[in-house]
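Below is one structure; the comments refer to it alone.
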Amino acid sequence: MAQIKKIAILTGGGDCPGLNAVIRAVVKTAVVKYGLEVVGIRKGYHGLYHNDFIPLTLDSVQEILSEGGTILKSSNKDNLFKYPARDEHGAVIRKDGKIVYHDASMRAVENLKREGIDALFILGGDGTLTSGRDFARLGVNVIAIPKTIDNDLNCTDYTFGFDTAVSVVSDCLDRLRTTAKSHGRIMVAEIMGRGAGWLTLHGGIAGAADVILLPEIPFDINKVATKIKDDLAAGKDFAIVAVAEGAKPKDGEIVVARVREDSPDPIRLGGIAKVVADELEELCNNEARATTLGHIQRGGSTSAHDRVLSSRYGCAAVELAMQGKFGNMVILKGDKIEYASLEDVIGQENKQVDPDSELVQVAKCLGICFGD
Ligand code: F6P
């Protein structure tokens with residue numbers, strides 16, 4: 001057993017349902033089973049830099065299991081290894097119009113030491129966990145827990161938050177279907193996921209999409225149009241198209257909504273649904289509409305499945321810390337909770353959908369077109 005007395009929890013990156021459920025499980029296991037002191041770090045790495053620690057007790061985690069979001073708040077702007085330099089008034093320093101960065105990681109390490117933190121629990125996706133790996137390399141006792149609606153983290157079958165988002169997408173497609181039917185329209189739904197199509201694939205199958213367009217399978221819009229025209233000719237007078245925000249046409253490019261200069265991951269995707277809807281309207285000679293599901297996919301209450309998974313992850317994370325197995329992330333493999341080194345999680349490209357996978361084949365058996 002490692003000599004652990006006090007732990008800290010940090011939630012970083014885009015929020016997602018299940019964060020509070022993990023916080024609750026970590027606090028309960030740490031306090032009740034091991035008698036540890038727990039603190040939360042507010043607003044992710046921002047709070048680690050600014051020494052923004054708050055006590056977390058059994059009282060603090062009451063009534064939060066079902067709530068989406070994070071009681072600790074989050075930030076997807078603060079990479080302490082590449083942190084914007086600021087002047088004495090707090091203004092970001094620029095040179096030739098560009099932000100000047102510096103490495104602020106040692107200040108964070110000092111803050112953890114001063115606060116007497118023996119282990120740092122980081123709940124995050126690839127950006128947050130890349131810093132987690134780098135803090136582990138600096139000797140911080142890091143335990144990671146895989147969060148993201150994108151499900152694109154390596155080494156784990158599922159991240160928490162994904163299941164809830166799939167349910168939201170499925171529900172949204174159900175809603176789009178009723179209005180699509182009334183008006184005989186093609187409805188194109190844009191779904192989050194960055195460069196991975198997990199959310200669109202699962203949500204699209206669950207929501208009975210006719211077409212699913214993924215970043216992993218560049219599409220030919222003419223093939224999509226042919227599928228829809230065939231369906232229309234056969235008497236189905238509407239269509240549901242689920243398009244991943246990172247999908248792109250063969251020989252085409254992803255559609256970028258904005259570049260966030262102040263973010264470690266500056267590209268924000270968005271706009272592909274409108275492009276696809278406009279093209280389909282013309283090619284199919286049928287009215288089409290685009291809907292961006294957006295942050296609705298990240299909000300609301302946490303699904304029962306994610307509450308269970310998050311609770312399992314939280315408990316397992318404390319056990320890992322007590323065994324002194326730092327620099328690792330808890331993972332789900334099949335139905336078992338295991339752990340993997342952050343070096344392996346972060347050291348490769350994000351996990352993507354395999355176009356030859358069983359689930360893609362299932363979708364094809366169901367008559368879903370991928371535009372390939
Ligand atoms: O990584 C989670 C995610 O929701 C992505 O699916 C999406 O592309 C991105 O975050 C949106 O980021 P933001 O909340 O900064 O707009």
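Atoms within each ligand, like the ligands themselves, are counted from 1 in listed order. Because the structure is a prediction, the values reported are computed rather than measured.
Side chain of Asn141 to main chain of Leu120: no donor-acceptor pair is present (N/O by atom type, distance under 3.5 Å, no hydrogens or angles).
Taking every non-hydrogen atom of Glu245 and a distance limit under 4.0 Å, the qualifying atoms of ligand 1 come out as 5 (C), 6 (O), 7 (C), 8 (O). Within the listing of ligand 1, atoms 6 (O) sit less than 4.0 angstrom from a heavy atom of Gly193. For ligand 1 and His295, the ligand atoms under 4.0 Å from any heavy atom of the residue are 13 (P), 14 (O), 16 (O).
Residue contacts with ligand 1 include Asn76, since one or more of its heavy atoms lies under 4.0 Å from the ligand.
With ring centers used as reference points, Tyr101 lies 6.0 Å or more from Tyr83. Taking the six-membered ring for Trp and the full ring otherwise, Phe162 and His202 have centroids separated by under 6.0 Å.
Judged purely by distance below 3.5 Å, without hydrogens or angles, the side chains of Ser74 and Asp15 never pair a donor atom with an acceptor atom.
Nearest protein heavy-atom neighbour of atom 2 (C) of ligand 1: Asp150 OD2, 3.3 Å. Closest protein heavy atom to atom 9 (C) of ligand 1: Arg298 NH1, 4.0 Å. Looking only at protein heavy atoms, the nearest one to atom 15 (O) of ligand 1 is Arg268 NE, 2.7 Å.
Cation-pi contact between Lys223 and Phe219: absent, since separation from the ring centre below 6.0 Å together with deviation from the ring axis within 45° is not met. Both cation-pi conditions hold for Arg107 and Tyr49: the charged atom is under 6.0 angstrom from the six-membered ring centre and inside a 45 degree cone around its axis.
Polar contact check, Met192 against ligand 1: no nitrogen or oxygen pair lies under 3.5 Å apart. Geometrically, ligand 1 and Arg260 share no nitrogen or oxygen pair separated by less than 3.5 Å.
For Asp118 against Lys5, the heavy-atom pair with the smallest separation is OD2-N, 2.8 Å.
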